Amino acid sequence: MDRIRICGSKSLKGKIQISGAKNSALPLITATLLTDQAVVLENVPALADIVSMSELLMQFGTKVEADLSHNRIQLQTTTATSLVAPYDIVRKMRASILVLGPLVARYGQAKVSLPGGCAIGTRPVDIHLDGLRQLGAEIELSEGYIIAKAPKGLTGADITMPVISVTGTENLLMAATLAKGTTRLINAAREPEIIDLANCLVSMGAKIQGAGSDTITIDGVSSLKGTTYRVIADRIETGTFAIAAAITGGDLLLKNSSLDLIPSVSAQLQRAGVLLDQVGTDIHVRAPNGIHGVDVMTEPFPGFATDLQAQMMALMTVCHGASMITETIFENRFMHVPELCRMGANITIHGSSALIRGVSQLRGAPVMATDLRASVSLVLAGLAAEGETIVHRVYHLDRGYERIEEKLNACGAVIERLAD
Ligand code: UD1
């Protein structure tokens, strides 16, 4: 397994191109199952999860022409030759559940492995299944698989989701585009990726209103068509590199992204003393005067993203004063804490909150990545730390950060990948 070696204490200066959003590209890839025509997606990040999702679609008979070095992928499912999403792919990537809605909507059936638990918590899929049932699908669980059937097609319904779920909203949004009649998704997720999916579906001929609010209305159509669509910027990568500038006292221009994608994160960073300015289509980030402790609670969008919690914690380890970070979305998302403590951080966990007392300097150490966002928080800590940090199990990073070493090295970081 590859490792990453970082020689820290270097201030980052320069420009970083923000990639397309992984969490937009994944549902957009599955949305292409809704039409027999070709869909071209642009600004798709070259990431392991994108390759896994493309491979999953190839199992259904989708013709995939990927040119990820140019961030472009064309997908066409003239007709599916299989409707089974096997355990081996789904267990690697929970977002595989996003094939369920499109397959049932277009083919009236699907068999998708239950994703099971993952490092950050139990993560059930009851919202996806209950919503599909309300659209008329019969769902049974057998031998670890979800077996969904709707031989006469889906029918629109009012669905009130008891918990705000991003992929749950996306699955039901996609399914409803081909249902008969009108569907209202109430208590829907409001993430920018939901708006991106809705915009792409509209350009495929879907009738959708209200995406980005808590109620989305979909008037079903009989078929959808092909399109060419450009994925929005990755807000989690944006926030991560903004924190990289802050934690190293650096000065970065984040190219092609927007503060509108990270409203709460940018507000909290500004309270902590980070200077953030939108300059046209770029974001200018500096932290010339050090970092103050701020309290953060993760929440669904527009609240503070749970996917930036570990990175914010890395920043708070070197703040003046103290900070309380409360995780409300996932129950087991503090696995980076013991690793940050190995680097000299002072953090204590109390239930779903972590109390971080700032230290003047982190020290490099060998550390272990446990999940995607935890691993990047260790990279951030390594950039700030004195001496050498080795991050083990970096394959997690490759699921979510495109060319991360190259992007950081270009701004003065000393970071390299070591093959085992
Ligand atoms: C998505 C993101 C992930 C992010 C998360 C929260 C993608 C591909 N992944 O994951 O990066 O961390 O949103 O912003 O977009 N829940 C249920 N029942 C369900 C579904 C979810 O109880 O059927 C709960 C979860 O356990 C969790 C909360 O709802 O506590 C939010 O999870 P959800 O929004 O569904 O996360 P994902 O869509 O899996």
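Counting starts at 1 for both ligands and their atoms, in listed order. Because the structure is a prediction, the values reported are computed rather than measured.
Of the candidates Thr177, Thr183, Thr182, Thr182 is the only one forming a side chain to side chain donor-acceptor pair (under 3.5 Å) with Asp219.
In this structure, Arg286 pairs ionically with Asp277, as a charged nitrogen and a carboxylate oxygen lie closer than 4.0 Å. Salt bridge absent: Glu138 and Lys149 never bring a charged side-chain N and a carboxylate O closer than 4.0 Å. Comment: Arg417 engages Asp398 in a salt bridge, judged by a side-chain N to carboxylate O separation of less than 4.0 angstrom. We find that Asp158 and Arg184 are joined by a salt bridge, their nearest charged nitrogen and carboxylate oxygen being less than 4.0 Å apart. Ion pairing of Arg333 with Asp307 is present here, as a side-chain N (NZ or NE/NH1/NH2) and a carboxylate O approach within less than 4.0 Å.
Proximity of Ile164 to ligand 1 is established by a heavy-atom distance of less than 4.0 Å. Within the 4.0 Å heavy-atom cutoff, Gly168 does not count among the residues contacting ligand 1. Residue contacts with ligand 1 include Arg333, since one or more of its heavy atoms lies under 4.0 Å from the ligand.
Near Ile329, with a cut-off below 4.0 Å to any heavy atom, the atoms of ligand 1 are 27 (C), 30 (O), 31 (C). Taking a cut-off of under 4.0 Å to the non-hydrogen atoms of Val125, the atoms of ligand 1 that pass are 19 (C), 23 (O).
At a 4.0 Å heavy-atom cut-off, ligand 1 does not touch Phe301 at all.
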*Mind running side-chain hydrogen bond (donor to acceptor under 3.5 Å, both in side chains) on Gln209 and Thr217 for me, showing each step along the way?*
CA-CA 5 Å; Gln209 283 184 329; Thr217 306; 5.9 Å; no

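At least one N or O atom of Asp307, backbone or side chain, sits closer than 3.5 Å to an N or O atom of ligand 1. Ligand 1 has no nitrogen or oxygen under 3.5 angstrom from a nitrogen or oxygen of Thr306. The shortest N/O to N/O separation between Glu191 and ligand 1 does not fall below 3.5 Å. Every N/O-N/O distance between Glu170 and ligand 1 stays at or above 3.5 Å.
The option with the heavy atom closest to atom 33 (P) of ligand 1, from among Val166, Val163, Ile236, is Val166. With atom 2 (C) of ligand 1 as the reference point, the heavy atom nearest to it among Leu308, Asn171, Asn23 is part of Asn23. Closest heavy-atom approach to atom 20 (C) of ligand 1 among the candidates Ala21, Pro124, Ala189, Ala95: Pro124.
Judged by distance alone, the side chain of Tyr87 and the main-chain N or O of Pro115 form no donor-acceptor pair under 3.5 Å.
The distance from atom NE2 of His396 to atom OG of Ser375, rounded to the nearest 0.5 Å, is 6.5 Å.
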